[in-house]
Number of protein chains: 2
Amino acid sequence: MTTEPFLSDCRARLAFDLLANTWNPVVLWALRDGPQRPGELRERIGGISSKVLTETVRRLEFNGLVSRRAYAEAPPRVEYELTALGRTLLAPIDAIGAWAFEHGDEVMAAQDREDQRASG
Amino acid sequence: MTTEPFLSDCRARLAFDLLANTWNPVVLWALRDGPQRPGELRERIGGISSKVLTETVRRLEFNGLVSRRAYAEAPPRVEYELTALGRTLLAPIDAIGAWAFEHGDEVMAAQDREDQRASG
DNA sequence: CGGCATCCTGAACGATACTG
DNA sequence: CAGTATCGTTCAGGATGCCG
């Protein structure tokens, strides 16, 4: 458990921004096994449009977490892959996933309690 | 490293939603040492308005991560505190913070590279 | 002091259609 | 198949002012 400053550390905010949207962590996780083509990614993830996938993966590329490789073929072929930096983020992401696996139902139970308090 | 399904596990999405906004993780972290009054929280965090703090803390309360205690005094006094469930989230949050501490500059470097590629 | 009401802006996200 | 263009909705977040 880090005792370092946190709230005052801009890098911490930066890291959360990296995970603070719906698709970034999902796409990173979907790339954990190796390079993936957009079509594969979309199928693997489910419920993400072509447009949003492109936006997401470009954002990740901008932050140095994902690399893009385009082949000069017809039909076009593109592959996205985690960079070395991107791979280092898998552990923290997994930590959250593991937490969800362990405590997810407690959260849902709390939500249900609040919901029925509101409606009851 | 969990090898369990992830993208298909709704609880994982739920956990990310818990951290997928600007202030949730920050407020949780700010509460790690014990109960805090809203004023203390705002000072500790910095850059958060009263309105947004209230919204955030209420959201956390809804999800069972934070408890709210109001004292019948004048002037009014309120304290927010992590629940047992909320405390279990500190470890994953810290994992991200630690990652930021270690890799934050690499991300910023990547951003700078992209920025100057765009402007150059 | 805590917190609600109001108004506003920007960004994320989705649906659809289209280009190379 | 990959990606862009447009359009529209939704909502977090910020600013301000007011109430108990």
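In what follows, chains are A, B, ... by sequence order, proteins preceding strands, each numbered from 1. The analysis underlying the following values was restricted to heavy atoms, covering all of them including side chains, and did not include hydrogens, waters or symmetry mates.
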Check your understanding: Given side chains that start at C-beta, do those of B:Val52 and B:Arg42 come closer than 4.5 Å, heavy atoms only?
Key -> no
Review point. Is any side-chain heavy atom of A:Arg58 less than 4.5 Å from a side-chain heavy atom of A:Glu55?
Key: no
Rounded to the nearest 0.5 Å, what separates atom [atom1] in [X] from atom [atom2] in [Y]?
{"X": "B:Thr83", "Y": "B:Leu60", "atom1": "OG1", "atom2": "CG", "value": "9.5 Å"}
{"X": "B:Leu18", "Y": "B:Asn24", "atom1": "CG", "atom2": "CG", "value": "6.5 Å"}
{"X": "B:Glu81", "Y": "B:Leu65", "atom1": "CD", "atom2": "CG", "value": "13.0 Å"}

How many whole angstroms separate atom [atom1] of [X] from atom [atom2] of [N]?
{"X": "B:Glu43", "N": "C:dG2", "atom1": "CD", "atom2": "P", "value": "11 Å"}
{"X": "B:Leu41", "N": "C:dC1", "atom1": "CG", "atom2": "C1'", "value": "14 Å"}
{"X": "A:Phe16", "N": "D:dG13", "atom1": "CZ", "atom2": "P", "value": "14 Å"}
{"X": "B:Arg13", "N": "C:dC13", "atom1": "CZ", "atom2": "P", "value": "11 Å"}
{"X": "A:Glu61", "N": "D:dA2", "atom1": "CD", "atom2": "C1'", "value": "14 Å"}
{"X": "A:Asp17", "N": "C:dG10", "atom1": "CG", "atom2": "P", "value": "18 Å"}
{"X": "A:Asn21", "N": "C:dA11", "atom1": "CG", "atom2": "P", "value": "14 Å"}
{"X": "B:Glu55", "N": "C:dA5", "atom1": "CD", "atom2": "P", "value": "11 Å"}

Point to revise | Minimum-distance nucleotide to B:Arg59 side chain [options: D:dA2, C:dC13, D:dG13] | key: D:dG13
Which protein N or O atoms sit under 3.5 Å from an N or O of nucleotides 14-17 of chain C?
| from | atom 1 | to | atom 2 | distance (Å) |
| --- | --- | --- | --- | --- |
| C:dG14 | OP2 | A:Trp23 | NE1 | 3.1 |
| C:dG14 | N7 | A:Lys51 | NZ | 3.1 |
| C:dG14 | O6 | A:Lys51 | NZ | 2.4 |

Point to revise | N or O in side chain of B:Arg69 less than 4.0 angstrom from C:dG2 OP1/OP2 | key: no
Practice item. Taking only the side-chain nitrogens and oxygens of A:Arg58, find out if one of them lies under 4.0 Å from OP1 or OP2 of D:dT4. Key: yes
Check your understanding: If you look at every heavy atom in A:Pro76 and A:Arg37, which pair is closest and at what distance?
Key -> O-NH2, 3.7 Å
Pairs under 3.5 angstrom only: tabulate donor-acceptor contacts from the side chains of residues 100-113 of chain A to other protein residues two or more places apart or in another chain.
| from | atom 1 | to | atom 2 | distance (Å) |
| --- | --- | --- | --- | --- |
| A:His103 | ND1 | A:Glu106 | OE2 | 2.8 |
| A:Gln111 | NE2 | B:Asn63 | OD1 | 2.6 |

Point to revise | Presence of salt bridge, B:Arg77 and B:Glu73, under 4.0 angstrom | key: yes
Review point. Does a side-chain N-to-carboxylate-O contact under 4.0 Å join B:Asp17 and B:Arg59?
Key: no
Study note, to complete from the structure: Residues in residues 71-78 of chain A with a heavy atom under 4.0 Å of DNA chain C, by number, are A:Pro76
